[in-house]
Each structure stands twice: as structure tokens, then as C-alpha cells.
Protein chains: 2
Amino acid sequence: MFSLPQLEAFVAVAEELHFGAAAERLNMTQPPLSRQIQMLEKKLGAQLFGRTSRKVELTAAGATLLPRARQILDMCIKTDLDVRRVSSGQAGTITVGYTAIAGHSALPLMLRRAAENMPRVSFVLRELVSTDQMDGLVKGNVDIGLLRPIVARPGVVSRPLMQDRLVVALPEGSSLLGTMAPRNGEPLPLGFLDRLPLLMYSTKEARYFHDLVLRLFASAGAHANITQYASQVPALLAFVQAGLGVTLVPASAMAFAPAGVEFHEIDGRNGVQELNRVELELAWNEETANPAVLRLLELIKPPAGDGIESPGGA
Amino acid sequence: MFSLPQLEAFVAVAEELHFGAAAERLNMTQPPLSRQIQMLEKKLGAQLFGRTSRKVELTAAGATLLPRARQILDMCIKTDLDVRRVSSGQAGTITVGYTAIAGHSALPLMLRRAAENMPRVSFVLRELVSTDQMDGLVKGNVDIGLLRPIVARPGVVSRPLMQDRLVVALPEGSSLLGTMAPRNGEPLPLGFLDRLPLLMYSTKEARYFHDLVLRLFASAGAHANITQYASQVPALLAFVQAGLGVTLVPASAMAFAPAGVEFHEIDGRNGVQELNRVELELAWNEETANPAVLRLLELIKPPAGDGIESPGGA
DNA sequence: ACTCGACAATTCAGTAAGGGTATGGATGTT
DNA sequence: AACATCCATACCCTTACTGAATTGTCGAGT
């Protein structure tokens with residue numbers, strides 16, 4: 001098979017139709033160039049140039065080779081560039097796992113950031129509950145996870161990305177709270193939820209929320225009267241909308257709540273404030289060899305107040 | 001820039017994911033293969049494989065390179081093949097110049113022959129009068145000419161391809177010949193055309209026919225009463241069809257004559273037979289470097305009675 | 001915990017490939 | 001007829017690739 005330098009030599013001669021000029025263009029002297037062309041012709045078993053001491057011209061075989069040689073060389077250059085880009089993280093593919101809520105808060109922020117700084121990187125998006133994301137991170141199906149702080153599997157590391165708080169969600173105009181409850185807009189002590197029908201996070205897929213809600217109830221001395229389980233916030237909100245009970249959801253879920261649901265901030269007194277923190281973490285496999293992932297992690301690293309922060313106020 | 005052997009080495013390792021096995025496939029030993037891959041990685045500035053002593057796996061950069069490397073190598077192989085084919089005349093392009101009449105006789109025969117024996121050769125067809133073909137042969141615009149024996153330009157050689165004869169064409173049912181003329185099907189002595197309105201070949205574009213017709217008339221002692229000139233047979237036949245006079249055309253033109261024209265063989269006695277020969281020649285530039293042309297010339301060379309011969313009976 | 005086995009990396013010596021300088025030979029030019 | 005131009009050839013030298021032998025390292029099996 002011919003070599004790439006030979007193709008370059010051929011293209012130069014074919015364009016200049018002059019061995020001396022072509023040699024100069026290739027930064028070499030004329031004799032080795034002549035030899036390279038001869039070698040190429042020998043390897044191809046084809047005369048590429050008709051040459052006398054007076055003029056050089058392409059043969060039919062040479063004319064056939066010229067566009068193909070250009071194409072091959074072009075492709076080599078492009079390949080070189082692409083590989084460098086992927087290797088340096090300027091291009092590539094990142095698979096992001098994210099929870100339903102993160103899909104409306106952290107994910108768009110991250111994608112916007114990435115689009116600005118890593119335009120050649122494409123993303124594969126997978127909505128997954130935190131535990132499935134963790135599995136994916138171990139197996140390599142997922143490069144970056146936007147998930148709740150659950151117990152990490154070996155090799156997976158994480159860091160806090162956003163903080164949020166839970167708010168009370170209940171059917172609009174409901175009388176569940178009783179007449180003693182504060183009006184709309186006033187923070188609501190959790191005691192008012194004592195023994196009310198509670199729509200709860202499942203222990204398996206949403207253990208983090210499950211445990212958090214139980215802790216909050218316990219700290220307020222309220223009894224959790226669980227009447228339904230669901231693993232995803234939108235499902236819980238649908239139950240609320242249907243009037244089946246109350247629940248606690250992250251404040252960022254208010255942005256995509258269905259009509260017929262109203263929200264109350266939770267009264268933070270008596271230590272509730274300190275407990276009411278929902279963490280969203282950024283997780284990745286520490287052995288990842290995907291340069292685009294490493295670059296993204298660097299990019300998302302909070303550079304003193306310029307990072308992604310807690311959204312949505314009361 | 002990387003080299004093609006390096007790409008081959010890379011593809012082998014990427015497919016085997018085992019340096020030893022890949023080396024065997026490449027008919028070399030493992031150490032140089034390892035170094036080739038290292039060199040490739042260095043040149044690309046990218047880690048292509050994640051390798052421990054236990055397993056070898058592609059990195060993101062390697063996964064990017066693999067399909068492109070395959071594509072480049074494929075293209076090189078195809079290019080090699082194509083150039084060889086063009087060089088050996090198995091593929092390529094031949095521009096054929098041909099006269100209007102040859103387009104209905106010699107050209108189809110030649111094309112059929114070529115299609116069977118040189119299926120990868122494509123043809124560019126240009127209908128041209130003989131003199132224009134001659135110009136094209138000199139300039140290189142035309143590779144092969146099917147033309148009348150006219151004075152050859154330097155560098156252009158030719159050989160006889162087909163022989164034909166002239167026949168008389170006259171308006172159907174015409175009384176121009178008079179009552180003494182033989183009935184349809186009988187050869188017609190040229191004396192019957194004496195002083196009849198004669199539709200003639202132009203001296204410039206169709207000098208060969210022009211001169212031939214005059215010689216035939218002279219040998220028969222008939223006077224040529226030229227009333228119209230045209231350079232192409234179809235135009236002359238159109239005049240005949242319109243009843244404007246008589247003319248002489250190659251017998252092979254009978255195949256595409258319009259309705260309203262009848263033909264008579266020319267009586268060959270008194271030396272007319274020997275004069276009434278229309279030659280069609282195959283011409284080419286003897287310095288042609290187009291291998292497909294050379295191969296075609298070899299193919300068309302009359303191999304003892306198997307060549308293209310005189311068509312059309314009486 | 002230790003040894004063994006598998007496998008990629010390293011070292012070293014021999015050889016082939018590629019570039020440079022000097023020169024030859026053919027072809028138009030003045 | 002001497003000259004200029006330009007591609008081909010000859011020869012030398014440096015670089016780079018290959019193979020054989022060896023080392024280093026990681027995981028599996030006992």
C-alpha cells in the first residue's frame with residue numbers, strides 16, 4: 001500500500017506539474033521527490049505522470065488518483081483534529097442521568113453552561129431515579145448524575161450541586177388544615193399536618209425524600225399518616241391535585257405544578273429550618289476516561305459564587 | 001501526521017483488544033506493535049486505549065478514531081484498486097467522436113463490444129463531422145474517432161473499420177428517372193441521373209462524400225446538376241423526401257430513412273463498382289496515454305473475420 | 001499471603017527506508 | 001552550437017522500524 005507522504009508528494013506534483021516547484025512546496029529537494037513518485041507508481045503498478053524533461057502531465061490513472069488522494073488526505077487531517085478534540089474534552093458525548101426535578105432546575109442550567117463553553121460536546125439525557133443513576137455510574141452507562149445524596153457505590157464520587165427546601169403541597173382551597181392554619185403566604189408549622197392523609201415517597205426509589213419527610217415530621221412532633229406511596233414528585237402532585245391528601249415537595253417543583261395545587265412554606269422554627277434541606281448532588285465515576293466529562297466537571301466547579309446555586313425563593 | 005500502518009495497527013488492536021493477538025494478525029511481534037500505538041498516541045496527543053496488564057479498552061478518543069480509521073483504510077484500498085483498473089484499461093473514460101451515419105452503424109457495434117469486454121469503461125459520445133473529429137483528436141478532446149478517410153493531422157493515425165457503398169435516394173413514386181429506368185430492385189446505372197437535380201454534400205464539412213460523388217458521376221459520364229448543398233445525410237434525405245431531387249447516400253443510411261424516399265443500388269458495371277466504396281475509419285492519437293483507449297483499440301482490432309464488417313445488403 | 005501466569009512495556013542490535021548532494025541526460029532556446 | 005532547464009540516477013548518511021530477549025505489573029488460584 002502507498003503511504004500518506006507519497007500521496008502528499010503526488011498531489012503537490014499534480015498541482016504544480018513541475019517536480020522542482022513541488023519539491024520546494026514540500027520543503028524537500030527534487031531527487032527524493034522524484035523517487036517517491038516512482039515508488040508510488042511502482043506500488044500502484046500505474047504510470048501517474050507522463051513526463052519529459054520539458055513538461056509533466058497527468059495520465060488517466062493520475063487523474064483518477066488526484067481527487068481520491070485529496071479526499072484521503074483531507075479525511076486524515078479532519079480525523080486528527082477530531083481525535084484531538086475528543087481527547088481534550090472539546091468534543092465528545094456525555095450521558096447525563098437526572099431526576100425529574102433536576103430536569104427542571106439543575107439540568108437546564110448545566111446544559112446552558114456547557115453549550116456556551118463546550119459547543120462540540122453532545123449530551124445524551126436519561127431521566128432516572130437516583131439509585132438507577134448510581135447503577136449507571138458504576139456500569140459506565142451514565143457519565144454524570146444529578147441525584148440525591150444516597151449511599152455511594154465504590155468508585156463513584158459526588159459533590160453538592162444545589163440546595164433546596166421542602167414545601168407543603170395541598171389541594172387548592174382545601175379545608176384539610178382546619179381553621180387555625182395561617183393564611184396563604186404565611187409559613188406553616190408542620191404540626192398542622194399531624195394525622196392528615198400523607199402522600200409519601202417510596203422507601204426504595206426515593207428513600208432520601210422518604211427519610212427526610214419522616215425526620216421533619218418527627219422533629220415537629222407530628223404523626224405521619226401515610227395513605228399512598230409514589231416514587232416521583234409529579235405522581236405525588238397528581239394525588240394532591242385529586243384531593244387525596246398533602247405532601248412535601250422540593251420548592252423547585254412548584255415551577256411545574258399542575259393547577260389545583262397550592263404550596264406553603266414550612267415554618268422553620270424549633271430546629272425545622274436546619275433539617276429542611278434537600279441536597280442535589282453531582283456524581284461521577286472517579287475513573288472516568290471521558291475527557292469531555294472531566295472538562296465539564298472542571299467547568300461546573302463552583303468558582304466562588306459563579307456556580308449554579310439555589311433557585312426559587314418563597 | 002499519523003501513518004497508514006499505524007492506523008492498521010490501531011484498528012487491529014481496537015478489534016482484538018489484545019496486543020498479542022493483534023500483533024499476530026498483523027504478522028509482527030508484540031513489542032513493535034506496542035510502540036506503534038504509543039507513537040500514534042503521541043502524534044495525536046491523545047490516549048487511545050486504557051490498558052492495564054489485565055485488559056485493553058478503547059477510550060473516548062479511540063472510539064472516535066476507530067470508524068474514521070476504518071474509513072480511511074477502506075478508501076485507500078478502493079483508490080488503489082481504481083487506479084490499477086484505470087491504468088490497465090479495465091476502467092476509465094473514452095470520448096468517442098462519430099459521424100451521424102456511424103452513430104447508426106459502427107458506433108452501436110463498438111459500444112456493444114466494449115460493454116461486454118470493458119464493463120467499467122464509460123463512454124462520452126460526441127456526434128461530429130470528420131474534420132471536427134480530427135481537430136478533437138489532435139487537441140485531446142476526442143479519444144477515438146469514427147470518421148471518413150480525410151487528410152490526417154500529425155499524430156493522428158487511423159485504420160479502416162467498415163466499408164459501405166453509396167445508393168441512390170429519390171422521392172418515392174417519382175418520375176424523375178423517366179420511363180427507361182429499371183424497375184424497383186434492379187441496379188440503376190448512374191447515367192439515369194444525368195442532369196437531374198442533385199442534392200450534394202458540402203465541400204467543406206463533407207468533402208469526402210462530395211469528391212466521391214463527383215468521381216462516380218464522372219466515371220459514368222453523367223453531368224452533376226447540383227441544386228442544393230448540405231453537410232449531413234439526414235438533411236439530404238429530407239430534401240429528397242420533399243421531392244427536390246436525388247442524391248447518393250451510404251447504404252447504411254437506409255436504416256433510418258424517412259418515409260417517402262426510395263433507394264436503388266447503383267449499377268456497378270464499367271468500373272463503377274470499384275469506385276463505389278465508402279470507407280469508415282477508426283482514428284486515434286498515436287500518443288494517447290489513455291489505457292482504456294489502447295485496450296479498446298486492441299479489442300476492435302479485426303481478429304480474422306471476427307471484427308466489425310460491412311453491414312446492410314441490397 | 002504467596003506464587004504463578006498472562007500480558008504490555010522496555011532494551012538493544014540489525015536493517016530498511018527516506019532525505020540530501022552531486023551528477024547525468026534529454027530537450028528546447030538563443 | 002553553446003546554454004538553460006528539468007527530470008532521473010548514484011551515492012552517502014541519518015532516521016526509524018523490526019525482532020529477540022527481558023522486565024514489570026496486575027490478577028487468579030492455592
Side-chain angles (χ1 to χ4, degrees), chain A residues 1-44 46-59 61-62 65-66 69 73 76 138 154-155 286-287 289, chain B residues 1-44 46-59 61-62 65 69 73 76 154-155 286-287 289:
Chain A
M1 180 62 61
F2 48 76
S3 70
L4 294 177
Q6 283 168 353
L7 288 190
E8 285 172 18
F10 168 76
V11 171
V13 175
E15 287 176 353
E16 302 283 348
L17 291 180
H18 188 297
F19 278 73
E24 193 173 350
R25 201 171 105 179
L26 294 167
N27 292 316
M28 63 193 292
T29 54
Q30 169 263 318
L33 174 59
S34 285
R35 270 210 323 261
Q36 287 299 336
I37 298 294
Q38 288 166 13
M39 290 289 175
L40 180 59
E41 288 178 324
K42 191 174 171 186
K43 281 180 187 165
L44 288 174
Q47 188 84 6
L48 298 173
F49 295 103
R51 40 199 190 275
T52 67
S53 68
R54 202 60 208 156
K55 76 176 173 191
V56 175
E57 58 186 358
L58 277 174
T59 63
L65 177 58
L66 182 54
L73 293 172
C76 287
V138 171
E286 69 183 340
E287 285 170 5
Chain B
M1 181 62 63
F2 48 76
S3 70
L4 294 177
Q6 282 167 354
L7 288 189
E8 285 171 16
F10 168 76
V11 171
V13 175
E15 286 176 352
E16 302 283 348
L17 292 179
H18 188 298
F19 278 73
E24 192 174 351
R25 203 171 103 180
L26 295 167
N27 292 317
M28 62 192 296
T29 55
Q30 169 263 319
L33 174 58
S34 283
R35 264 180 311 109
Q36 285 301 334
I37 298 296
Q38 289 166 14
M39 289 292 171
L40 179 59
E41 288 178 325
K42 191 174 172 187
K43 281 180 188 165
L44 288 174
Q47 188 84 5
L48 298 173
F49 295 103
R51 41 199 191 275
T52 66
S53 65
R54 203 63 210 152
K55 76 175 173 192
V56 175
E57 59 185 357
L58 276 175
T59 63
L65 177 57
L73 293 173
C76 287
E286 68 184 341
E287 284 169 7

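All values derive from a computational prediction rather than experimental measurement. First the proteins, then the strands, lettered A, B, ... as listed; each starts at 1.
- One finds the CZ atom of B:F49 at 8.0 Å from the CG atom of B:L65 (value rounded to the nearest 0.5 Å).
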Exercise for the section: Before giving the answer on side chain to side chain contact (heavy atoms under 4.5 Å, CB included), spell out for B:E24 and B:E16 the whole-Å C-alpha distance, their side-chain angles and the decisive distance to 0.1 Å. Expected result: CA-CA 10 Å; B:E24 192 174 351; B:E16 302 283 348; over 6 Å; no
Practice task
Start with the C-alpha gap between A:L66 and A:V11, add the side-chain angles, then the distance that decides, and say whether side chain to side chain contact (heavy atoms under 4.5 Å, CB included) holds.
Solution key: CA-CA 6 Å; A:L66 182 54; A:V11 171; 4.2 Å; yes
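- Smallest separation of non-hydrogen atoms from B:H18 and B:A21: ND1-N, 3.0 Å.
- The distance between atom CG of A:L40 and atom P of D:dA8, rounded to the nearest whole Å, is 13 Å.
- To the nearest angstrom, P of C:dA9 lies 10 Å from CZ of B:F49.
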For nucleotides 13-20 of chain C, give me every protein contact, N/O to N/O, under 3.5 Å, one pair per line with atom names.
residue: C:dG19; atom: OP2; partner: A:Q36; partner atom: NE2; Å: 2.9
residue: C:dG19; atom: N7; partner: A:R35; partner atom: NH2; Å: 2.6
residue: C:dG20; atom: OP2; partner: A:T29; partner atom: N; Å: 3.1
residue: C:dG20; atom: OP2; partner: A:T29; partner atom: OG1; Å: 3.1
residue: C:dG20; atom: O6; partner: A:R35; partner atom: NH1; Å: 3.2

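- Atom NZ in A:K55 sits roughly 16 Å away from atom C1' in D:dT5 (whole-Å rounding).
- Rounded to whole Å, the distance from CD on B:Q38 to C1' on C:dC7 is 14 Å.
- Of all heavy-atom pairs between B:A69 and B:L7, the closest is CB-CD2, 4.1 Å.
- Atoms CG (B:L26) and P (D:dC17) sit 15 Å apart, rounded to a whole Å.
- Heavy-atom minimum distance, B:L33 versus B:A23: CD2-N, 3.4 Å.
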Practice task
Would you sort out whether B:M1 and B:K43 count as a side chain to side chain contact (heavy atoms under 4.5 Å, CB included), showing the intermediate values?
Solution key: CA-CA 7 Å; B:M1 181 62 63; B:K43 281 180 188 165; over 6 Å; no
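- Atom CZ in A:R51 sits about 19 Å away from atom P in C:dG25, given to the nearest Å.
- Separating the CG atom in A:L4 from the CG atom in A:L73 is a distance of 6.5 Å, to the nearest 0.5 Å.
- Contacts between residues 13-23 of chain B and DNA chain D, counted as heavy-atom distances below 4.0 Å, involve no residue at all.
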